[in-house]
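These notes concern the structure reproduced below.
In this text, all values refer to a predicted model and were calculated from it rather than measured experimentally. As the structure lists them, so they are numbered: ligands from 1, and atoms in each ligand from 1.
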Amino acid sequence: MNCLEARIAKDGVVKEGNVLKVDSFLNHQMDIALMNEIGKEFYERFKDLPINKILTIEASGIAIAYAVAQQFGVPLLFAKKSKSINIAGDTYVAEVESFTHKNKNTVLVSKQFLTKDDHVLIIDDFLANGCALQGLISIVDQAGGTVEGIGIAIEKGFQVGGQIIRNLGYRLESLAIVESMDPATGKVFFREQ
Ligand code: 5GP
């Protein structure tokens, strides 16, 4: 069991509706030592690729992406969420439906910071149905850049996102894949990797 799986088993809280809360160490209060370990692990997994930019989505992807960007020594770019329909023409835009909040967000990246020369590693905290990732992939495509790989801290393997993204041919690496979880007992079961 890797250190992220061990931490999820110890401190993760299983909620109804297929939601896993990791607020005590990953996306509210953050364990910086764990973040740094995650950054190093993604670097080991993707260091063979010509990555020159890390892309994530606000808010909870930013801390993990920061740790990854530090290992690669490249900029971290995050897509901003906006409810505004007045979108200026100097941004790439995608619609993303939030799994946890059940609402739609427009996400934006300034054209200034993403171009056809970029080789991007996309990072996020969770993968559920894959909407957030498809939005980020669309933004890189709009810029004419290349998605070199995708790194996810926690994939919920019983939801469809992982299969959709892998079927599209992307190199997707998840540090922990939850096979099932039980809100009654609080137990989390992981896929062997
Ligand atoms: P997707 O777009 O793949 O359906 O959902 C991914 C996004 O929803 C992630 O960016 C993450 O913020 C949020 N998310 C999805 N499932 C969970 C979950 O079980 N727990 C938490 N904390 N966030 C989740």
Worked verdict on I64 versus M35 for side chain to side chain contact (heavy atoms under 4.5 Å, CB included) | CA-CA 6 Å; I64 298 172; M35 292 293 167; 3.7 Å; yes

Hey, is ligand 1 close enough to I57 that some N/O pair sits below 3.5 Å?
-> no

Would you list the pairs meeting ring pair (Phe, Tyr, Trp, His ring centres under 6.0 Å) in which at least one residue belongs to residues 23-59, sequence neighbours left out?
-> Y43-F72

Look at E173 together with R45 and state whether they make a salt bridge at an N to O cut-off of under 4.0 Å.
-> yes

Does an N or O from L127, backbone or side chain, lie closer than 3.5 Å to an N or O of ligand 1?
-> no

Report, in ascending order of atom number, the atoms of ligand 1 lying under 4.0 Å from any heavy atom of N27.
-> 22 (N)

Applying a strict 4.0 Å limit to heavy atoms, is D23 in contact with ligand 1?
-> no

Indicate, as side chain, backbone, both or neither, the part of V96 found under 4.0 angstrom from ligand 1 when only non-hydrogen atoms are considered.
-> neither

Answer yes or no: is there a side-chain heavy-atom contact under 4.5 Å between E148 and P50?
-> yes

Quick one: does K156 get a heavy atom under 4.0 Å from ligand 1?
-> yes

Identify, by atom number and element, the atoms of ligand 1 in contact range of A132, meaning under 4.0 Å from any of its heavy atoms.
-> 2 (O)

Give the residue and atom name of whichever protein heavy atom lies nearest to atom 20 (N) of ligand 1, and the separation in Å to one decimal.
-> L20 O, 2.7 Å

Lys/Arg N to Asp/Glu carboxylate O, K21 vs D11, below 4.0 Å = no

closest protein heavy atom to atom 6 (C) of ligand 1 is F126 O, 3.5 Å

Can you run down the salt bridge (Lys or Arg N to Asp or Glu O under 4.0 Å) pairs that involve residues 176-193, sequence neighbours left out, and say none if there aren't any?
-> E179-R191

Are any of the side-chain heavy atoms of S24 and V22 separated by less than 4.5 Å?
-> no

Atom indices of ligand 1 within 4.0 angstrom of N18 heavy atoms, with elements = 19 (O)

The closest protein heavy-atom partner of atom 8 (O) of ligand 1 is F99 CB, 3.9 Å

Test item, S60 contacting ligand 1 (heavy atom, 4.0 angstrom) | yes

Which residue holds the protein heavy atom closest to atom 11 (C) of ligand 1, what is that atom called, and what is the gap in Å?
-> D125 OD1, 3.4 Å

Does the side chain of S138 come under 3.5 Å of the side chain of Q142 through a donor N or O and an acceptor N or O?
-> yes

In the protein, what heavy atom is nearest to atom 3 (O) of ligand 1, and what distance, to one decimal place, separates them?
-> G130 N, 2.7 Å

Examine V22 against ligand 1 and note whether any of their N/O atoms are separated by less than 3.5 Å.
-> no

Do V68 and L121 come within less than 4.5 Å of each other through their side chains, counting heavy atoms only?
-> yes

Protein residue, atom and distance nearest to atom 13 (C) of ligand 1, heavy-atom basis = T100 OG1, 4.0 Å

Between D124 and ligand 1, which part of the residue brings a heavy atom under 4.0 Å of the ligand: side chain, backbone, both or neither?
-> side chain

Give yes if a backbone or side-chain nitrogen or oxygen of N129 is under 3.5 Å from a nitrogen or oxygen of ligand 1, and no if not.
-> yes

Only residue of E155, Q163, K156 satisfying side-chain hydrogen bond (donor to acceptor under 3.5 Å, both in side chains) with Q159 is K156

Rounding to 0.5 Å, atoms CG (D118) and OG1 (T146) come to a distance of 8.5 Å

Sub-4.5 Å side-chain heavy-atom contact between H119 and L49 = no

Contact check: L133 vs ligand 1, nitrogen or oxygen atoms, below 3.5 angstrom | no

